Number of protein chains: 2
Amino acid sequence: MKKRLNQSLSRKSTDFLNPLLTVDVVIFTVRNHTLETLLIQRAKPPFAGSPALPGGFLLTGENTRRASERILQDKAGVSGVYMEQLYTFDDLDRDPRGPVFSVTYFALVPEKDIVISETRTTETPHFSPVHCLPKLAFDHNEIIQTARGRLRSKIGYTNAAFSLLPDNFTLAELHYTYEAILGRRLDRRNFNRKLRALNLITATGEKTLGGKHRPATLYQFTHRDLELLPEPLL
Amino acid sequence: MKKRLNQSLSRKSTDFLNPLLTVDVVIFTVRNHTLETLLIQRAKPPFAGSPALPGGFLLTGENTRRASERILQDKAGVSGVYMEQLYTFDDLDRDPRGPVFSVTYFALVPEKDIVISETRTTETPHFSPVHCLPKLAFDHNEIIQTARGRLRSKIGYTNAAFSLLPDNFTLAELHYTYEAILGRRLDRRNFNRKLRALNLITATGEKTLGGKHRPATLYQFTHRDLELLPEPLL
DNA sequence: TCAAAAGTGTTGTGTGTACACCCATGT
DNA sequence: ACATGGGTGTACACACAACACTTTTGA
C-alpha cells in the first residue's frame, strides 16, 4: 500500500492528476436513546492514535459501495442493512499525504445486530454519541455532521428510521428512535396516531413481557424496504 | 491523456486498485418554459458521436468542484452560479475502458447568462429538454434523472430556483420556472401569495414594458444566496 | 396501593386549496 | 371594444398541535 501511495503522490504530472480514492462509512445506531456512530482508533499515521471513521482504500474489482459493505462487515459484523452514498469529500488538503478524496456512505443498523469484531484490538472499535464527539482524524467530524443532517431530513419523508429497529418493536422504541435522530421531543400521542394512520406498521398481536409496567403491543413494519412516504411525516 | 489511461487501466494490481476519476456537470436552465440541460457531441471514443454531458478529468491541483467550475466556464461561459455536488457514479462497467468513476455536479444558470463557446465546433454544445432526451453516452441519462430528482425536491425547501432567474423578474417568470422544474401546474394565485408571505422577494417598483398587456411588476430576491426556507414551499 | 409506562379522544387554530372577478395595456 | 395576461380576496376542509385521564402490570 505504501508503495502505491508514494507512487501516486510523488508523481510529477504536468497536466492531469488522478487523486487516490478512499471510502469512509458512518455507521449509525440508536443506543441508550441516543444516536451513536462507530469509531475506531487509528493505528498508523497520519493521525495515529486519533479516533476516526472506519474506512479504507478500494480493493481490485470493488466499487465504492462494495468497499463500504466490506468495511461494514469487517468492523460491525453486519450485512444487508440500509446504506446510502452520502457525499464525496475532496478538499485537496484533507489528507496531509496529498490529494486523497473520500467517497462516504452512511449505514443504519439496529443495535442488536451489531457484532463488533475484537480481532483487531489496536483499533478498539466503539460507539460514541454524535452530539458530543471528540476531535477526529481528517475531516471526519464534518463527514458525520453531514451524515446526521442527511439522516434527519431523510426520516421526515421516508421510512428510513425503520432500518434502525429490530423486526419487532414497540411504539415507544420507534418514538425515542425518532427523538434521538431529531434531537428534540415529539408528542407521543400525535406521533403514534400518525404512524398508525399511514399504515406503515402492523400489530403482531404479541406483547412485551417482563417490564415493571403495563405490557406494550409489538409491531412490525408493513414494508421492510426503504420507500417514500405518501405524505411528509414531519 | 491516453498514456495515463493505459498506465492506470492496465496496471496489474494484486490488492488495491485506484480507479480514474472524472467529473460531469449537469447544467440546468429554463428556456421556453421548459427545463433544459446542456449536452455536447462526443468527438472521441468511447461513444464517439453520442451526445453526452460536459465533463472531463481533473487537472493538477484541482479538486472536483474546481474542475466542474472550469468545465462550466469552458462550455457555458458562466461562473459564480449555483452549483452543488450531486452523486458519485461508480459502476465498474460504466466506462468500457475500465473503472472510471464520475463525481457529478449540477449547476443552475439563468438563460440570459449563458454564452455557448463556439470555438469547438465539433462538440456542438446545445440545450435539450430533459423530458425527452436521446440516448446518451455512459450512464449520463441516469445522471440527469438523478439531478432532476434532486432539483425537484430541493426547490421545495430552499430558494434554489432563484438561481435560474435574472436579477429582475416577474412573478409569472418565477411561476413557470417552478412549473417547468416540477413538471406540473401550480395555482398561480396561491403560489404568488405564498412567495410574498415568505418575504423572499421584494418589488423593485419598476414595471415591464412592451407587452401586449398590462405591465407586470418586477421583483428581486431579498437574499441572493441559497438558504433553507423557514417553512416548506411545496 | 403505588409507581411506571401504555393506551385513548377532543378541540381549536392555522394552512392549503379551490375558485371568480376586476385591472391595465396594446391593437 | 376586445384580447391578453396581471393582480387580488374569500370560503371550506383538513391536518396539526396542544392537552388529561384511564388502564395494566410489577413491586
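Naming: A, B, ... by sequence-line order, numbering from 1 per chain. Quick caveat, the model's predicted, so the values are computed rather than measured.
- In summary, the side chains of Asn190(B) and Arg193(B) do present a donor paired with an acceptor at a separation below 3.5 Å, with no hydrogens or angles considered.
- Comparing Asn192(B) and Arg193(A), the nucleotide of DNA chain D nearest to each residue sits closer to the 5' end for Asn192(B).
- Between Phe221(B) and Phe162(B), the ring-plane angle classifies as parallel under the 30° and 60° cut-offs.
- Side-chain atoms of Thr64(A) and Tyr105(A) form a donor-acceptor pair, as typed in the model, at a separation below 3.5 Å.
- Between the side chain of Asp91(B) and the backbone N or O of Asp93(B) there is no donor-acceptor pair closer than 3.5 Å.
- Counting non-hydrogen atoms under 4.0 angstrom, Thr217(B) reaches the backbone sugars and phosphates but no base.
- Axis orientation changes by 10° from one end of the helix from dT1(C)-dA27(D) to dT27(C)-dA1(D) to the other, with each end axis drawn from 5 pairs and the value rounded to 10°.
- Side-chain proximity of Asn190(A) to the nucleotides dT10(D), dA18(D), dG7(C) is greatest for dA18(D).
- Listed nucleotides dA24(C), dT8(C), dT23(D) differ in distance to Arg188(A); the shortest reach to its side chain belongs to dT8(C).
- Checking His213(B) against Leu171(A), the closest nucleotide of DNA chain C that is more toward the 5' end is the one next to Leu171(A).
- Applying the 3.5 Å distance criterion, the base of dA6(C) shares no donor-acceptor pair with the side chain of Arg189(A).
- OP1 or OP2 of dC16(D) has at least one side-chain nitrogen or oxygen of Lys194(A) nearer than 4.0 Å.
- Within the 6.0 Å centre-distance limit, the rings of Tyr178(B) and Phe191(B) are counted as a close aromatic pair.
- The listed nucleotides are dG7(D), dT8(D), dG16(C); the one nearest the side chain of Arg214(B) is dG7(D).
- Listed candidates were dT10(C), dG7(D), dC19(C). Nearest to the side chain of Ala216(B) is dG7(D).
- Closest to the Pro215(A) side chain, of the nucleotides dC16(D), dG9(D), dT24(D), is dT24(D).
- When the side-chain nitrogen and oxygen atoms of Arg196(B) are compared with OP1 and OP2 of dG7(D), none of them lie within a distance under 4.0 Å.
- There is a side-chain donor-acceptor pair under 3.5 Å between Asp24(B) and Ser102(B).
- Side-chain N or O atoms of Thr34(A) include none that pairs as donor or acceptor with a backbone N or O of Pro129(A) at under 3.5 Å.
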